[in-house]
Amino acid sequence: MEAVAVIDFETTGLSPAQGDRATEIAAVIVEDGRVVDRYQSLMNAGVRIPAYIEALTGITNAMIRSAPAAGEVMREVSDFVGNMPIVAHNASFDAKFWDAELARIERSREQDFVCSLLLSRRLLPAAPSHKLGVLVQYANLPVAGRYHRALADAEMAASLLLRLEDELRLRHQVPRVSVDLLRQIQRTSKAQLPTCLAAARGKTSG
DNA sequence: TGCCAGGCCCTCTTTAGGGCCTT
């Protein structure tokens with residue numbers, strides 16, 4: 001599979017449209033079946049983190065006060081990621097914060113997001129749930145650190161992505177996994193998945 | 001004033017409702 005950037009945001013809440021802002025971001029570059037580069041930073045958006053979010057993530061208002069400005073961090077991380085395809089767990093969440101924080105520095109993205117949550121529902125249908133932490137346990141993936149910290153979650157989402165790639169190669173006998181195939185799978189209905197995988201098997205093997 | 005996310009998925013569906021998942 002071509003190189004991708006797996007990202008994860010920690011934020012003050014669920015919706016940038018409701019005034020929520022990012023507090024931390026991590027991006028890990030996955031290439032040739034492994035993580036080859038990492039970026040992580042807390043970010044100060046000048047907003048207060050609610051107490052229950054401090055408890056959830058361990059990211060406190062004191063930590064954010066001494067962090068670099070959000071715009072500075074977003075410039076760095078968007079340069080780091082470049083035009084690589086971006087992967088995130090529940091990508092609709094990270095994509096709306098990515099877009100909202102980039103818009104504040106008058107940048108916009110060109111690439112699509114790929115969603116490891118949607119892919120997991122298709123490729124690991126027997127998992128008891130498709131929360132990142134449950135999938136890590138279910139697939140025996142290494143716990144990379146504290147859950148709800150950006151770098152640990154991005155590393156674990158990267159491990160999950162590689163596990164999904166293995167699932168396609170070994171279980172479904174897809175000879176070559178591409179980002180384009182992942183995009184197809186995540187928008188394919190459960191009923192149409194066998195047809196989609198059969199086409200992927202045939203595309204490069206005969 | 002009172003409201004307050006939203007995209008995806010499943011099903012007892014499609015003229016809809018409710019759960020999952022992210023912080």
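To find a chain, count down the sequence lines: A is the first, B the second, and so on, and within it residues start at 1. Reckoned from all heavy atoms, side chains included, excluding hydrogens, waters and symmetry mates. Note that the structure is predicted; figures quoted are calculated from it, not measured.
Straight-line distance from the CG atom of Leu135(A) to the P atom of dC21(B): 8 Å, rounded to whole Å. Atom-to-atom, NZ of Lys96(A) to C1' of dT22(B) comes out at 8 Å; the value is rounded to the nearest Å.
Counting only heavy atoms from C-beta on, Lys131(A) has its side chain closest to dC21(B) among dC21(B), dT23(B), dC4(B). Taking only side-chain atoms of Thr11(A), from C-beta outward, the nucleotide of dC8(B), dG6(B), dT23(B) with the closest atom is dT23(B). Listed nucleotides dC21(B), dC10(B), dT23(B) differ in distance to Arg122(A); the shortest reach to its side chain belongs to dC10(B). Distance from the side chain of Arg121(A) is smallest for dC20(B) among the nucleotides dC20(B), dC10(B), dT23(B). Distance from the side chain of Ser129(A) is smallest for dC21(B) among the nucleotides dC21(B), dT23(B), dG6(B). Of the candidate nucleotides dG6(B), dT23(B), dC10(B), dT23(B) has the atom lying nearest to any side-chain atom of Asp153(A). With distances taken from any side-chain atom of Leu14(A) to the nucleotides dG7(B), dT23(B), dC21(B), the minimum falls on dT23(B). Taking the side chain of Leu132(A) as heavy atoms from C-beta on, and the options dC21(B), dT22(B), dT23(B), the nearest nucleotide is dT22(B). Of the candidates dG6(B), dT23(B), dC21(B), dT23(B) carries the atom nearest the Tyr52(A) side chain, counting heavy atoms from C-beta on. For Phe93(A), taking side-chain heavy atoms from C-beta onward, the closest of the listed nucleotides dT23(B), dC4(B), dC8(B) is dT23(B).
The residue Asp94(A) sits apart from the nucleic acid: no heavy atom pair falls under 4.0 Å. Leu117(A) comes within contact range of the sugar-phosphate backbone alone, with a heavy-atom separation under 4.0 Å but no base atom that close. Across all strands shown, Glu10(A) has heavy atoms under 4.0 Å from sugar-phosphate atoms exclusively, and none from any base. Across all strands, Phe97(A) comes closer than 4.0 Å to no nucleic acid atom at all (heavy-atom distances). Using a 4.0 Å heavy-atom cutoff across all strands shown, Thr12(A) reaches no nucleic acid atom at all. In this structure, Lys190(A) reaches the sugar-phosphate backbone alone: every heavy-atom distance under 4.0 Å involves primed, P, OP1 or OP2 atoms, never a base. Residue contacts for Arg187(A): at a heavy-atom cut-off of 4.0 Å it reaches no nucleic acid atom on any strand shown.
Placement of Leu164(A) and Val30(A) within a single hydrophobic cluster is found when ILVMFWY residues are connected by side-chain heavy-atom separations under 4.5 Å, directly or transitively.
Taking atom C1' in both dG17(B) and dC12(B), the straight-line distance is 11 Å, to the nearest Å. Taking the C1' atom of each, dT13(B) and dG19(B) are spaced 15 Å apart, rounded to whole Å. Rounded to whole Å, the C1' atom of dC3(B) lies 24 Å from the corresponding atom of dC8(B). dG18(B) and dT23(B) have their P atoms separated by 26 Å, given to the nearest Å. dC4(B) sits 25 Å from dC9(B) when the P atoms are compared, rounded to a whole Å. Distance check on atom C1': dT1(B) versus dG6(B) gives 25 Å, rounded to whole Å.
Taking for each of Gly13(A) and Ser189(A) the nucleotide of DNA chain B with the nearest heavy atom, the 5'-most of the two is the partner of Ser189(A). Each of Gln18(A) and His89(A) was assigned the nucleotide of DNA chain B with the nearest heavy atom; the assignment lying further toward the 5' end belongs to Gln18(A).
OP1 and OP2 of dT23(B) both lie 4.0 Å or more from every side-chain N or O belonging to Arg21(A). Within the structure, a side-chain polar atom (N or O) of His148(A) is placed less than 4.0 Å from OP1 or OP2 of dT23(B).
Atom CD of Glu2(A) is surrounded by more than 12 heavy atoms from other residues, nucleotides or ligands within 6.0 Å. With a 6.0 Å radius and a threshold of 12 heavy atoms from other residues, nucleotides or ligands, Lys131(A) has its NZ atom at or below the threshold. Under a cut-off of 6.0 angstrom, the local environment of CZ in Arg48(A) is sparse, with at most 12 non-hydrogen atoms contributed by other residues, nucleotides or ligands.
One finds the CD1 atom of Ile7(A) at 13.5 Å from the CD atom of Gln40(A) (value rounded to the nearest 0.5 Å). Rounded to the nearest 0.5 angstrom, Met156(A) CE and Leu161(A) CG are separated by 14.5 Å.
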TODO: Please lay out, stage by stage, how Val77(A) and Trp98(A) fare under the test side chain to side chain contact (heavy atoms under 4.5 Å, CB included).
DONE: CA-CA 10 Å; Val77(A) 72; Trp98(A) 182 266; 4.0 Å; yes

